[in-house]
Amino acid sequence: MEPEIKIVNVVVSTQIGTDIDLEYAADVLDNAEYEPEQFPGLVCRLSDPKVALLIFRSGKLNCTGAKSKSDAEIAIKKIIAELKEAGMEIIDNPEVSIQNMVATTELGMEPNLDDISTLECTEYEPEQFPGLVYRLSDPKVVVLIFGSGKVVITGLKKIDDAYTAFNKILTTLKELEEEFY
Amino acid sequence: RLRKWQRRIRVSDASERNLAFALSELDRIASKLGLPRNVRENAAVLYRGAVEKGLIRGRSIEGVAAAALYAACRRCKVPRTLDEIAEVSRVDRKEIGRTYRFISRELNIRLAPTNPVDYVPRFASELKLPGEVESKAISILKDAGKKGLTSGRGPTGVAAAAIYIASVLQGTRRTQREVADVAGVTEVTIRNRYKELTEHLDIDVTL
DNA sequence: GCTTTAAAAAGTAATAT
DNA sequence: ATATTACTTTTCAAAGC
């Protein structure tokens with residue numbers, strides 16, 4: 001039985017051109033903000049796939065907030081279409097790569113965070129944050145575990161890793177349970 | 001050669017000056033927070049260890065000193081929050097926290113999460129509460145821990161709520177505002193923890 | 001390291017009603 | 001006294017300071 005794991009955020013990057021005129025792009029795009037003093041990238045928010053895109057002068061583009069890679073691709077295609085209509089030189093079907101994904105799931109039990117914090121790969125400072133930080137090296141992801149049993153997995157490059165990571169942690173927690181029984 | 005010796009002397013001069021500055025900074029913060037001698041000594045040992053391992057590079061002496069003191073307080077079971085230390089340090093809470101994580105990892109010091117019980121003596125004393133209240137608060141916290149009512153919650157907030165409840169039960173009531181002020185949390189937090197503790201531990205707090 | 005973007009988790013804080 | 005809103009933690013790319 002595969003645990004239900006939801007992808008709640010996907011961060012993707014790609015290249016849509018070479019030398020983008022961000023001032024012009026900011027005028028052409030609807031919800032665009034461009035404040036080079038504050039940040040070198042242009043910020044653009046889309047509502048249909050609800051995402052935020054960052055476009056840089058170099059032509060590099062980041063898309064965050066998508067629920068899937070395809071949502072991010074749809075959003076990027078929309079921005080490309082708008083920029084092309086404005087007469088800008090844009091790459092048509094850029095290859096997008098997933099940089100990071102965030103997933104949520106549940107342990108199915110209420111863990112004892114104090115016990116888990118004895119593991120060397122963890123950090124738990126309730127004074128600062130209620131979640132325990134669990135760093136896995138293979139796959140290289142970071143898992144946040146809460147007292148409620150809710151879990152957040154981040155640093156993901158592919159969805160399969162979420163299942164691999166989650167099962168590895170479940171196994172470790174079972175062993176710990178016996179140890180502290 | 002002579003130059004080499006001169007350089008060594010200079011380096012050692014600088015090291016000694018830096019160490020002296022660090023130790024005076026430890027003393028300054030420690031006395032402002034009223035920390036006992038053993039904590040200062042423990043912090044000094046941690047600081048020297050950090051120097052020997054070259055952990056100061058890229059970091060401020062004051063930041064490492066503050067982090068060493070924070071760690072020493074926890075080791076000695078007389079915790080201060082990062083906010084309390086940041087208040088009397090020139091370094092902000094975020095930097096002290098990250099330096100603490102760095103040196104504790106590099107010096108192989110793994111500290112258990114702060115136990116709310118460790119805050120009770122100090123808070124109870126500042127509230128001029130009798131030993132019976134302190135004992136009662138501690139027993140409440142132990143029961144709370146067994147039922148998982150402390151995991152994920154801020155240690156100071158849980159400790160404050162336990163003291164508030166104990167003070168009422170022992171007939172030496174302090175207001176939520178008074179307890180909140182010494183614990184450095186808000187009244188809302190005390191109320192939330194209070195509800196949780198009294199409900200799950202079946203504590204009757206009739207006023 | 002910082003700046004900006006998104007998102008979840010649960011606790012705490014500040015401010016509004 | 002409760003309801004919002006906002007910040008804490010983690011992850012990642014981008015260009016520049």
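- For the P atoms, the distance from C:dA13 to D:dT9 is 15 Å, rounded to whole Å.
- D:dT2 sits 23 Å from C:dA9 when the C1' atoms are compared, rounded to a whole Å.
- Nearest-nucleotide mapping onto DNA chain D: of A:Thr64 and B:Lys94, the residue sitting toward the 5' end is B:Lys94.
- You'll find that the side chain of A:Pro130 is closest to D:dT8, out of C:dA6, D:dT9, D:dT8.
- At D:dT11, none of the side-chain N or O atoms of A:Lys140 fall inside 4.0 Å of OP1 or OP2 (strictly under the cut-off).
- Taking side-chain N and O atoms only, B:Arg101 has a distance below 4.0 Å to OP1 or OP2 of D:dT10.
- Close to D:dA15, at under 4.0 Å from its OP1 or OP2, lies no side-chain N or O of A:Arg57.
- Note on A:Val152: a base of the nucleic acid sits closer than 4.0 angstrom, heavy atoms only.
- With hydrogens and angles ignored, a donor-acceptor pair under 3.5 angstrom links the side chain of A:Thr154 to the base of D:dT11.
- Regarding B:Leu197, its CG atom lies at a distance of 13 Å from the P atom of C:dG11, rounded to whole Å.
- Atoms CG (A:Asn100) and C1' (D:dT11) sit 4 Å apart, rounded to a whole Å.
- Residue B:Arg93 places no side-chain N or O under 4.0 Å from the OP1 or OP2 atom of D:dT8.
- Nucleotides C:dA7 and D:dA3 are separated by 25 Å at their P atoms, to the nearest Å.
- Backbone-only contact: A:Arg45 has heavy atoms under 4.0 Å from sugar-phosphate atoms and none from a base.
- Within the 4.0 angstrom heavy-atom criterion, no nucleotide atom of any strand lies near A:Gly41.
- Counting non-hydrogen atoms under 4.0 angstrom, A:Gly131 reaches nothing in the nucleic acid.
- Taking side-chain N and O atoms only, B:Thr186 has a distance below 4.0 Å to OP1 or OP2 of C:dA13.
- The phosphate of D:dA14 has neither OP1 nor OP2 within less than 4.0 Å of any side-chain N or O from A:Ser13.
- Between the B:Arg193 side chain and the B:Leu149 main chain, no donor and acceptor come within less than 3.5 Å of each other.
- With the nearest nucleotide of DNA chain C identified for both B:Arg193 and B:Arg98, B:Arg98 has the one nearer the 5' end.
- Rounding to whole angstrom units, CD1 of residue A:Ile55 and C1' of C:dT4 are separated by 14 Å.
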